[in-house]
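To start, the structure under review is shown below, and the notes come after it.
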Amino acid sequence: LPNPSFNQFIPALLADLNHPTGGHDAGDHPPITPCRSAMGNQLRSQDHWMVYEYVCQHFIASLMPPAYYTTTTITVGINPQDPELFTYTENQVTDYGFAQ
């Protein structure tokens, strides 16, 4: 059953599936995964749909490539006798990856 909420990501995801590259067993349970496709009107309430959508989003994101960004930091001092520094930091996304 196609789901319009997630269809925009699935074709590209299946074409270039990101397989896990490593990790370790921390002893916790495996992630919660959706068992089947559903639409909001098939669930009992809006709260149920919100939980289902949250689980699906995290499951899909776990299969997508990582997001990357660059950080630029600028530090400026105004008075040499009173070294008060002002810092500005900006993050710019270079590849949205799972954060699309």
Side-chain angles (χ1 to χ4, degrees):
L1 174 66
N3 188 318
S5 298
F6 309 112
N7 282 351
Q8 61 188 355
F9 303 106
I10 302 303
L13 178 63
L14 293 176
D16 189 24
L17 194 58
N18 184 33
H19 295 282
T21 57
H24 69 281
D25 184 357
D28 53 354
H29 63 81
I32 299 169
T33 57
C35 296
R36 65 183 176 131
S37 182
M39 301 297 293
N41 62 357
Q42 294 174 309
L43 301 175
R44 293 183 182 157
S45 71
Q46 181 66 22
D47 288 343
H48 289 159
W49 170 251
M50 289 170 53
V51 171
Y52 174 81
E53 187 176 39
Y54 180 79
V55 168
C56 288
Q57 288 172 349
H58 281 263
F59 175 72
I60 292 168
S62 74
L63 300 174
M64 295 178 76
Y68 293 99
Y69 62 92
T70 58
T71 300
T72 303
T73 301
I74 300 170
T75 302
V76 177
I78 296 178
N79 183 352
Q81 285 76 29
D82 183 17
E84 186 168 349
L85 300 176
F86 297 90
T87 302
Y88 171 78
T89 301
E90 174 184 276
N91 296 320
Q92 176 133 13
V93 177
T94 56
D95 184 351
Y96 281 92
F98 73 89
Q100 313 188 36

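The shown structure was predicted, so the numbers you read here are calculated from the model rather than taken from an experiment. All residue numbers in this chain count up from 1 along the given sequence.
- The structure places CG of L63 at 13.0 Å from CZ of F98, a figure rounded to the nearest 0.5 Å.
- With sequence neighbours excluded, the residues satisfying side-chain contact (heavy atoms from CB on, under 4.5 Å) with D47 are S45, M50.
- Listed by first and then second residue, the ring pair (Phe, Tyr, Trp, His ring centres under 6.0 Å) pairs that reach into residues 57-93 are Y54-H58, sequence neighbours excluded.
- In terms of hydrophobic clustering, with Ile, Leu, Val, Met, Phe, Trp and Tyr side chains grouped at heavy-atom distances under 4.5 Å, V55 and M64 are assigned to different clusters.
- Not counting sequence neighbours, the partners of T70 by the side-chain contact (heavy atoms from CB on, under 4.5 Å) test are Q92, T94.
- For A38 against L43, the heavy-atom pair with the smallest separation is CB-CD2, 4.4 Å.
- Residues passing the side-chain hydrogen bond (donor to acceptor under 3.5 Å, both in side chains) test with T71, sequence neighbours excluded: N91.
- In this structure, CZ in R36 is found 8.0 Å from OH in Y52, a value given to the nearest 0.5 Å.
- Remark: Q42 CD to H48 NE2 distance equals 14.0 Å, nearest 0.5 Å.
- Under a 4.5 Å side-chain heavy-atom cut-off, the cluster of Ile, Leu, Val, Met, Phe, Trp and Tyr residues that includes Y96 is completed by V93.
- N79 meets the side-chain contact (heavy atoms from CB on, under 4.5 Å) test with Q81, D82; sequence neighbours excluded.
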